Amino acid sequence: MSDYELIIEVLTNVYNGKNLTDQINKHKSNINISRIKYIVYGVIRNYYSIEFCIHKIVQHISKKNEIIVQIGLYELNNSNKPDYAVVNTLVELVNNAKDKKFINWVFREYQRQKESLNNLILKDYSLKYNLPNWIIDLLKKQFKNYYLKFLDGLNYHPAFGLRVNYTKRSLGEYIEILKQNNIKYIINEDNKICLEKALDIKDVPLFTDGVSSIQDVAAQYVVNILNQNNIIPKKVFDACAAPGGKTCQILENYNCTLTAMDISSDRLEKIKQNLQRLDLKAKTMVGDAFNLDWWDKNKFDLIVADVPCSASGTIKRNPDIKINRTYDDVIKFTESQRKIVLSLWNCLEDNGYLLYITCSIFRDENQDNIAWLKNNIKGFKLIDELQIIPTEYSDSLYYALVQKNN
Ligand SMILES: C[S@@+](CC[C@H](N)C(=O)[O-])C[C@H]1O[C@@H](n2cnc3c(N)ncnc32)[C@H](O)[C@@H]1O
């Protein structure tokens with residue numbers, strides 16, 4: 001199968017509802033995977049504006065031809081190849097003369113109309129920000145005058161955050177190492193590091209030595225929230241823990257015991273690998289946070305509930321979310337998130353804390369869910385809240401720290 005045929009197959013599967021990361025992972029040993037990813041992610045990130053252009057030019061187009069044209073429109077605007085080479089390669093992907101002629105014609109029309117199409121794109125937020133209207137409308141309703149910050153923040157390239165294990169190197173020492181390796185970075189106001197360019201894991205300084213971990217900056221706020229509220233956890237339960245980013249960060253920062261659970265045994269293996277690499281100890285188990293089958297009746301003073309969610313705050317990284325998720329999915333997530341917290345509440349000591357986390361941008365899964373839980377759980381006291389707006393340097397996460405006050 002040629003690279004382009006593979007790209008068409010991946011895009012077809014994603015449009016049929018399959019997960020983009022899974023589709024890409026199937027081909028991770030392909031030697032051209034970087035280029036394949038570049039085109040697949042590029043097409044999906046620009047899906048709404050590309051589709052708009054295609055349907056301004058043609059009324060009817062077969063699925064395969066449509067995907068070939070999507071690839072072409074993306075490459076015409078984003079590759080170093082000369083236009084004729086892009087067109088010639090893509091036209092070769094269809095067998096019959098009629099389709100070849102048709103695709104050629106669509107590309108020519110696109111080149112002819114490009115300027116006026118681009119002007120139309122700039123006038124429509126769904127096309128300009130390449131997001132479906134339901135997301136734009138919901139953000140506008142929920143965040144009023146600052147919803148544009150979300151739209152901007154969701155449109156950057158995914159950032160490459162790094163977490164430093166401060167028991168092994170100080171921030172200053174690690175920055176020296178970045179400088180020595182000529183790795184450009186920025187540090188945010190909370191001393192969190194983001195590299196200017198993504199690196200291969202093998203090139204991340206001291207990764208295998210357990211000094212650094214790849215973790216989005218927005219996902220590194222567990223310790224900030226606990227410290228700001230003078231909480232020193234002793235007995236922690238991380239209920240939805242894989243791949244273990246927050247589990248490991250807690251263990252790097254507190255002298256505590258920690259049980260890390262996840263529903264997926266495959267993903268639990270990732271936690272074990274991370275613990276091993278970072279030389280940390282935790283009890284790990286497969287279990288379902290919807291029920292208490294796994295619980296030995298010992299209570300915890302901190303429960304981390306990094307609940308399954310729409311993951312809309314990670315759209316930069318997972319752009320298929322904007323194509324395949326609907327508002328109905330968001331509602332379904334809110335229901336399961338409530339169930340998980342209702343269940344975990346039983347395992348929390350009196351005066352203990354539950355840290356609720358999502359990587360969703362929607363109030364339904366965040367502030368509104370916390371309000372619902374407050375109304376439905378006796379002694380549910382909101383202590384602190386943090387909504388991280390997506391930026392060039394981070395995804396978007398939401399944190400709510402609550403206390404069990406009986
Ligand atoms: C947002 S991820 C957690 C990320 C993790 N806390 C970290 O910082 O690396 C959500 C996790 O919840 C797990 N999960 C989903 N449903 C679950 C359930 N009912 N019980 C336990 N874990 C669940 C998923 O397998 C996934 O690994």
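All heavy atoms count here, side chains included; hydrogens, waters and symmetry mates do not. Whatever order the structure lists ligands and atoms in, that order sets their numbers, starting from 1. Everything numeric in this text was worked out from a predicted model, so none of it was measured.
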Around [atom], find the nearest protein heavy atom and jot down its residue, atom name and distance.
{"atom": "atom 14 (N) of ligand 1", "answer": "I263 CG2, 3.6 Å"}
{"atom": "atom 12 (O) of ligand 1", "answer": "C240 CB, 3.2 Å"}
{"atom": "atom 20 (N) of ligand 1", "answer": "A289 N, 2.8 Å"}

Would [X] count as being in polar contact with ligand 1, using the rule that some N or O on each side must be under 3.5 angstrom apart?
{"X": "M261", "value": "no"}
{"X": "V307", "value": "no"}
{"X": "S264", "value": "no"}

Using heavy atoms and a 4.0 Å limit, tell me yes or no: is A219 in contact with ligand 1? no

Within the structure, is a non-hydrogen atom of G287 found at a distance of less than 4.0 Å from ligand 1? yes

Part of [X] within contact of ligand 1 (heavy atoms, under 4.0 Å):
{"X": "A239", "answer": "backbone"}
{"X": "A241", "answer": "backbone"}
{"X": "K246", "answer": "both"}

Can you find a pair of side-chain heavy atoms, one from [X] and one from [Y], that are under 4.5 Å apart?
{"X": "N298", "Y": "K235", "answer": "yes"}
{"X": "I271", "Y": "D238", "answer": "no"}
{"X": "Y174", "Y": "L162", "answer": "yes"}

Could you give me the CA-CA distance, side-chain angles and deciding distance for C248 and L275, then say whether side-chain contact (heavy atoms from CB on, under 4.5 Å) is met? CA-CA 7 Å; C248 294; L275 288 167; 4.1 Å; yes

To which of D262, D306, D238 does the heavy atom nearest atom 13 (C) of ligand 1 belong? D262

Ranking A242, A311, S360 by closest non-hydrogen atom to atom 5 (C) of ligand 1, top hit is A242

Out of all atoms in ligand 1, which are within 4.0 Å of some heavy atom of [X]? Include the element for each.
{"X": "P308", "answer": "15 (C), 16 (N)"}
{"X": "D288", "answer": "18 (C), 19 (N), 20 (N)"}
{"X": "G245", "answer": "7 (C), 8 (O), 9 (O)"}
{"X": "F290", "answer": "19 (N)"}

Determine, using ring centers only, whether W295 and F237 are less than 6.0 Å apart. no

Out of the candidates E365, K332, R325, only one should pair with S310 under the side chain to side chain donor-acceptor pair (under 3.5 Å) rule; please name it. E365

Using side chain to side chain donor-acceptor pair (under 3.5 Å) as the criterion, point out the one residue from R338, E335, R363 that pairs with N369. R338

For F150, run the ring pair (Phe, Tyr, Trp, His ring centres under 6.0 Å) check against F143, Y129, Y156 and tell me which one passes. F143

Looking at R317 and D216, is any side-chain nitrogen of the basic one under 4.0 Å from a carboxylate oxygen of the acidic one? yes

Taking the six-membered ring of F380, is the NZ or CZ of K374 close enough (under 6.0 Å from the centre) and on axis enough (within 45°)? no

Run through I71, I7, I68 and flag the one making a side-chain contact (heavy atoms from CB on, under 4.5 Å) with L93. I68

